[in-house]
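Here's the structure we're looking at; comments come further down.
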Amino acid sequence: MTVHLDSTLAWKSATRLVSANRDMLMAIAGVFFLLPSLAFSVFVPEPQMPPGTPPRAMMEMLTEAWTASLPLLVIVTLLQMAGTVTMLIVMTDRTRPTVGQAIHRGFLALGPYVLAQIIVGGALGTGFLLLVSAAALTGQQAIAAVVIIGAFIAMIWSSLRMALVAPVLAIEAERNPINALKRSWALTSGNSGRLLAFFVLAGLLFAVVYGLAMMLVGVVLVLTTDGSVQQVLTAAVSSSITAGALVYFVAMLAAVYRQLAGETAEEIGDIFG
């Protein structure tokens with residue numbers, strides 16, 4: 001029997017999880033989300049484009065900048081993935097592990113999590129390239145456009161079906177990435193549209209809050225600071241808001257898992273205390 005997601009209930013559950021574990025989540029978010037993001041913003045600033053720069057030169061500058069920043073980007077991504085699993089453990093384990101214990105278990109799950117993402121990314125990327133290449137061979141722009149749009153929609157749908165891989169790894173202690181992908185696929189059956197709406201609405205809320213906050217902070221910083229100080233403070237505020245948003249996103253994943261897993265989740269542990 002398919003369980004349909006109640007996004008209102010999921011949001012209430014997510015906010016309750018954050019409130020109940022605020023102190024531990026703040027500590028974990030600072031280490032895994034805030035500091036890496038701040039370091040990336042400070043040490044990998046956006047390339048400055050002189051006015052009138054040709055498009056080709058702009059692309060070359062962007063490519064060079066992202067290539068140079070790739071090692072740090074990989075480290076930041078891995079830390080955020082480990083932080084995601086760690087937070088899920090903190091929010092859902094009724095044995096109430098310490099921060100250190102949760103971090104240790106989070107890193108144990110990092111390998112399967114990375115492998116699962118590589119499998120998904122490789123499969124989606126390969127499928128997209130094959131479809132686009134086949135459409136290009138027809139020589140018909142209309143067909144190519146339809147195929148590209150269809151492939152993009154399919155990628156979004158598949159990503160939604162794999163959205164619960166991290167909760168499965170954290171809550172069910174699954175260590176086989178294939179099994180974790182299968183479990184996520186089964187849990188999200190019949191809920192792709194609801195998940196999309198839930199995540200999009202949350203994303204829009206974050207975008208509004210982020211935009212208003214950065215606009216206000218930007219005005220204050222322009223009037224009170226300049227140069228590198230302004231850049232660092234802006235990055236710090238931006239990273240802090242983003243880290244807070246990521247905490248709520250992880251809580252949303254936990255709440256969605258709890259709701260869709262139903263009795264199975266109860267057997268694993270009462271994640272809401």
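Treat the numbers as computed from the prediction; the structure is a model and nothing was measured.
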Which residue pairs satisfy the side chain to side chain donor-acceptor pair (under 3.5 Å) criterion with at least one member in residues 196-223, sequence neighbours excluded?
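Residue pairs with at least one partner in residues 196-223: Y210-S238.
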
Pairs in or reaching into residues 17-30: which pass side chain to side chain donor-acceptor pair (under 3.5 Å), with residues at least two apart or in two chains?
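Listed by first then second residue: N21-R96.
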
Could you tell me whether M214 atom CE has more than 12 heavy atoms of other residues or ligands within 6.0 Å of it?
yes

Does E64, at its CD atom, have more than 12 non-hydrogen atoms belonging to other residues, nucleotides or ligands within less than 6.0 Å?
no

Any side-chain heavy atom of [X] sitting closer than 4.5 Å to one from [Y]?
X: Q101; Y: I89; answer: no
X: V90; Y: V99; answer: no
X: N176; Y: P112; answer: no
X: F107; Y: L78; answer: no

Could you name each residue pair satisfying salt bridge (charged side-chain N to carboxylate O under 4.0 Å, His left out) that touches [range], not counting sequence neighbours?
range: residues 117-144; value: none
range: residues 136-154; value: none
range: residues 119-144; value: none

Looking at residues at least two apart in the chain, or sitting in another chain, which of them share a side-chain hydrogen bond (donor to acceptor under 3.5 Å, both in side chains) with S239?
S37

Could you state the interatomic distance from [atom1] ([X]) to [atom2] ([Y]), rounded to the nearest 0.5 Å?
X: T224; Y: L233; atom1: OG1; atom2: CG; result: 7.5 Å
X: T188; Y: L160; atom1: OG1; atom2: CG; result: 8.0 Å
X: L164; Y: L88; atom1: CG; atom2: CG; result: 10.0 Å
X: S192; Y: L196; atom1: OG; atom2: CG; result: 8.5 Å

Quick one: hydrophobic cluster around [X], which other residues, with the 4.5 Å side-chain cut-off, linked directly or via members?
X: I153; value: I149
X: M215; value: V208, L212
X: V147; value: L131, I143

Suppose the criterion is ring-ring contact (aromatic ring centres under 6.0 Å, His included): which pairs have a residue in residues 172-198, not counting sequence neighbours?
W157-W185

Between T15 (side chain) and K12 (backbone), is there a donor-acceptor pair under 3.5 Å?
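Checked: pair present.
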
Donor-acceptor pair, side chain of S184 and main chain of R161, under 3.5 angstrom
yes

Could you go through the salt bridge (charged side-chain N to carboxylate O under 4.0 Å, His left out) check for E172 and R183 one step at a time?
CA-CA 10 Å; E172 300 185 13; R183 177 66 171 150; 2.8 Å; yes

Could you list the donor-acceptor pairs under 3.5 angstrom formed by side chains in residues 69-77, with sequence neighbours left out?
from, atom 1, to, atom 2, distance (Å)
S69, OG, A65, O, 3.2
S69, OG, W66, O, 3.1
T77, OG1, L73, O, 2.8

Can you name the nearest heavy-atom pair linking M24 to T98, along with the distance?
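Shortest heavy-atom contact: CE-C, 3.9 Å.
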
Output all residues satisfying salt bridge (Lys or Arg N to Asp or Glu O under 4.0 Å) with R105, sequence neighbours left out; order by chain, then residue number.
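Salt bridge (Lys or Arg N to Asp or Glu O under 4.0 Å) check on R105 returns D93.
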
